[in-house]
Number of protein chains: 2
Amino acid sequence: MDNIYYKIYRDYAKQIQNGILRPHSKLPSENELAEAYTTSRETVRKGLNLLAQNGYIQKVKGKGSFVLPIDRFDFPVSGLVSFKELAAKMRESPVTRVVSLEASLAGEEIASRLKVGPDEPIWKVVRTRTMDGEAIILDKDWFLQSCVPDLTKEICEDSIYQYLEKTMDIPISFAKKVITVEEATEEDSSLLDLTRHELIVVVRNYVHLEDAQLFQYTESRHRPDKFRFVDFARRQ
Amino acid sequence: MDNIYYKIYRDYAKQIQNGILRPHSKLPSENELAEAYTTSRETVRKGLNLLAQNGYIQKVKGKGSFVLPIDRFDFPVSGLVSFKELAAKMRESPVTRVVSLEASLAGEEIASRLKVGPDEPIWKVVRTRTMDGEAIILDKDWFLQSCVPDLTKEICEDSIYQYLEKTMDIPISFAKKVITVEEATEEDSSLLDLTRHELIVVVRNYVHLEDAQLFQYTESRHRPDKFRFVDFARRQ
DNA sequence: TAGTGGTCTAGACCACGGG
DNA sequence: CCGTGGTCTAGACCACTAA
């Protein structure tokens, strides 16, 4: 709310998402925006660069900034987007079921993934995601208890990210994501509505706080035919 | 090239990749860097922000900028990285085989993907990528001939991206990438060394020029057990 | 308190595009 | 030519960290 450049980013991102600003239309020039927001050109440019990085606009030297004609529907699946945020952009109504929620010690495998000792207290959450009556995603989350003291079934049924960021004010900073395809396990078969495919798309997410501390490891296991990952990337 | 902030980015990216700067070590402060490069702090900050966006460093208010302890091996698979660039970072020696290279008209499906008419002249390139003696990736590329006049088998065996950027000076700007898992086709089976899996990971890439014109469509079809996609993402 | 990064300003010069 | 975005400057104030 405070940042001027972030307000410019939000203002135009919203207008582009709502279709108020049509694809290929031209934004005001940087000088005009600086006047409109009573700020300097460099501040305007920070806002416009955010829009460009996130695929909203294209800046062309000597001409101006233009709205990109990209489908905003399937879009921000890239980056650090949680299931709840993703589902909000879709037509179907998804259901989250909490299979288990337990406080325990890390153990061998998770300890190595979270780079802590095997006796580190952690939360383990297992959830399934159902769309159109079919359980198609199995989400397994491990959190450091030292970062998240309380966790309830109600929070897990909603969005854990929202709880951490909005309610707890825990600053999530960055994440590394690894996508592979692996053999389905017995757990996958028992908790998901698998069709004939014996393969599962596994998205491993290593989530870090602002001080770069690794605090969460997530495995999101998707039925292959329902998996879709979209990414927007700029050169340099 | 001459950009000061880009030089700062390259200098430190290289030092971090080479291990000259160890993980968790502290970079000089922004004021010190401004002096060292005889430039202003805002310019230094642009370089540091590039490093942060690409996962090299973490900036902490009141403390400084620190090298992130992230495996740089499997890393820049994110973004607009071509097979050649990717392979250069791996131990194995990959082989590219050009299956076909032809000039033709777009036709129905490709015309809709490239958003041109079906009579638009295009290049179609089909290549297989072999590692450790197994053909594991099938790459199918379509280019607008209006953007790329000449294309030879030799160029396709090397890196098309390198040819476009370095030799032709065609400015690639951004790309949208969609990853899905689909049934293997007969073409997949005949050109790749598939194991029992009947599924193929399909990475569709829509590549745009600086004026936002869509000029290339690529389908990269991977054997599931050899597929791996890594992504680094920052919140906001 | 001193040093750090985060934001912002009010200029400047440049390269590019189109009339 | 003028307007555009790209780069850069030399300051400023703030919030945060650590001694």
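Letters A, B, ... mirror the listed sequences (proteins, then strands); counts begin at 1.
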Notebook entry, point to check: Within this structure, what is the CG-to-C1' distance between A/L33 and D/dT4, rounded to whole angstrom?
Noted result: 12 Å
Checklist line | Selected nucleotide, minimal atom distance to A/S29 side chain, candidates D/dT4, D/dG6, C/dG6 | finding: D/dT4
Margin query: Please determine whether a side-chain nitrogen or oxygen atom of A/Y5 lies at a distance below 4.0 Å from atom OP1 or OP2 of C/dT7.
Written below: yes
Note to self: Between B/E32 and B/E42, which residue's closest nucleotide on DNA chain C lies nearer the 5′ terminus?
What the structure shows: B/E32
Checklist line | Distance in angstrom units between B/I8 CD1 and D/dT7 P, rounded | finding: 13 Å
Note to self: Quick check for you: among C/dG5, D/dC8, C/dC8, whose closest atom lies nearest to any side-chain atom of A/T43?
What the structure shows: C/dC8
Notebook entry, point to check: Are any of the side-chain nitrogens in B/E42 or B/K46 under 4.0 Å away from the carboxylate oxygens of its partner?
Noted result: no
Check: Rounded to the nearest Å, what distance is computed from the NZ atom of residue A/K61 to the C1' atom of nucleotide D/dT7?
Finding: 9 Å
Margin query: Looking at B/K14, I want to see if its NZ is surrounded by more than 12 non-hydrogen atoms of other residues, nucleotides or ligands under 6.0 Å.
Written below: no
Next item on the list: Report the residue (A/S40 or A/K63) whose heavy-atom-nearest nucleotide on DNA chain C is the more 5′ of the two.
Entry: A/S40
Checklist line | d(CD1, B/I4; C1', D/dT9) in whole Å | finding: 10 Å
Next item on the list: State whether B/K124 and B/D141 are salt-bridged, where the test is any N-O pair (Lys NZ or Arg NE/NH1/NH2 against Asp/Glu carboxylate O) under 4.0 Å.
Entry: no
Margin query: Can you measure A/K7 atom NZ to C/dC8 atom P for me and round it to whole angstrom units?
Written below: 12 Å
Checklist line | B/E210 CD - D/dG6 P separation (whole Å) | finding: 10 Å
Next item on the list: Give the rounded distance in Å between these two atoms: CZ of B/R41 and C1' of D/dA10.
Entry: 12 Å
Checklist line | Separation of C/dG3 P from B/N31 CG (nearest whole Å) | finding: 10 Å
Next item on the list: Between B/K46 and B/G62, name the one whose nearest nucleotide on DNA chain D is closer to the 5' end.
Entry: B/K46
Notebook entry, point to check: Would you find a donor on one side and an acceptor on the other, under 3.5 Å apart, between the side chain of B/T38 and the backbone of B/E35?
Noted result: no
